[in-house]
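Notes follow once the structure below has been shown.
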Amino acid sequence: MQANSSIVKTLTRRFFDRMPHIVAPELLGKCLVAHDGRMVRIVETEAYAQDDPAAHTFRGETARNRSMFGPPGHMYVYFSYGVHWCANVVCGPKGFGAGVLLRAAQPMAGIDLMEAARGNVAFKQLCNGPGKLAQAMGIDRHADGTDVVGGGPFTVIDDAHAPVTVIACPRIGISKAVEAPLRFVIADNPFVSKRPMAR
DNA sequence: CGGCAGATGGGCT
DNA sequence: GCCCATCTGCCGC
């Protein structure tokens, strides 16, 4: 191994077999890879558990949120405000509707494909929001329920670079449990959707 | 430049 | 009506 080459590890199913508030900060710095070469480094996540009034699973299983009740390590993709797709990774035990929303990421590879998908926007705005991230990566309804540990169209890997400094802060764009510090960002990363409030 | 009001839009309850 | 969002335009610093 050369000094600046990364060590890529495939995440195990067990990584996602824990509660979302544990998995969400640990996903920071991990990478999401698509089959066509597009890759992003995750810089912002939010945790949603079944007992959380802000979670889609709070009122039980429906056709829309079904994949969140399935086994961990799979995608939950939902259609937001009639316009955007948003990607989550299911976590927690099977049968417990929980997951981590992928809110923002840093483009790493396949930039030309991301720009084609997102249109004429600044580089920093390619993936700095959940809808933008999904659009840039080509994530839509077809990815719902697919495996992110391996074998699916998108895979989460640990492309280890440097350790990250994690900041926890309130989530964005919700109307219930608005103060819970379940949003996690990499400190001082320019690709987050909104800077966390200074503390 | 940042912040905010308004419009947009589909699927849920 | 409500909602885990985004874009545009308009303000004020």
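Predicted, not measured: the structure shown is a model, and the values here were computed from it. Chain A is the first sequence line, chain B the second, and so forth, proteins listed ahead of strands; every chain is numbered from 1.
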Q. Without hydrogens or angle criteria, can the side chains of A:D144 and A:S67 be said to hold a donor-acceptor pair below 3.5 Å?
A.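 Looking only at side-chain atoms, A:S67 and A:D144 do form a donor-acceptor pair, the distance falling under 3.5 Å.
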
Q: For A:L101, report the nucleic acid contact type (base, sugar-phosphate, nothing); a contact means any heavy atom under 4.0 Å.
A: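 Answer is base: heavy atoms of A:L101 come under 4.0 Å of a base.
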
Q.
Just to be sure I understand the rule, does A:R103 reach a base, reach only the sugar-phosphate, or reach nothing, if contact means heavy atoms closer than 4.0 Å?
A.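 Touches sugar-phosphate only.
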
Q. So, for A:R18 and A:I22, which heavy atoms are closest and what is the spacing to 0.1 Å?
A.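 Smallest heavy-atom distance, with atoms named: NH1-CG2, 3.7 Å.
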
Q: Indicate the ring-plane relationship of A:F191 and A:F123, choosing parallel, tilted or perpendicular according to the 30° and 60° boundaries.
A: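 If you compare the ring of A:F191 with that of A:F123, the planes turn out perpendicular.
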
Q) Is A:F79 linked to A:F154 within one hydrophobic cluster, defined over Ile, Leu, Val, Met, Phe, Trp and Tyr using a side-chain heavy-atom separation of less than 4.5 Å? A)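 Linked within one cluster.
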
**Q.** ILVMFWY network linking A:Y76 to A:V89, side-chain heavy atoms under 4.5 angstrom
**A.**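 No.
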
(Q) Tell me whether the side-chain N/O atoms of A:K132 come closer than 4.0 Å to OP1 or OP2 in C:dC7. (A)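 Yes.
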
Q: Under a 3.5 Å limit for both distances, which nucleotide forms a Watson-Crick or G-U wobble pair with B:dG9, could you say?
A: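 Because no pair has both required distances under 3.5 Å, B:dG9 counts as unpaired.
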
Q: Return the nucleotide paired to C:dC4: Watson-Crick means purine N1 to pyrimidine N3 with N6-O4 or O6-N4, wobble means G-U with N1-O2 and O6-N3, both under 3.5 Å.
A: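 Checking every strand shown, C:dC4 finds no partner, since no pair has both distances under 3.5 Å.
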
Q: Please tell me which of A:S175 and A:P130 maps to the more 5' nucleotide of DNA chain C, matching each residue to the nucleotide holding its nearest heavy atom.
A: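 Whichever sits nearer the 5' end wins; that is A:S175.
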
Q: Choose from C:dA5, C:dC7, C:dC4 the nucleotide whose nearest atom is closest to any side-chain atom of A:H84.
A: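 Per side-chain heavy atoms of A:H84, the pick is C:dA5.
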
(Q) I need a per-nucleotide contact map over nucleotides 6-13 of chain B, read 5' to 3'. Cutoff is protein heavy atoms under 4.0 Å; write B for the base, S for backbone only, - otherwise. (A) ---BB-SS

Q.
Tell me whether A:R66 forms a cation-pi arrangement with A:F69, defined as NZ or CZ under 6.0 Å from the six-membered ring centre and within 45 degrees of its axis.
A.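 Pair A:R66/A:F69 does not count as cation-pi.
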
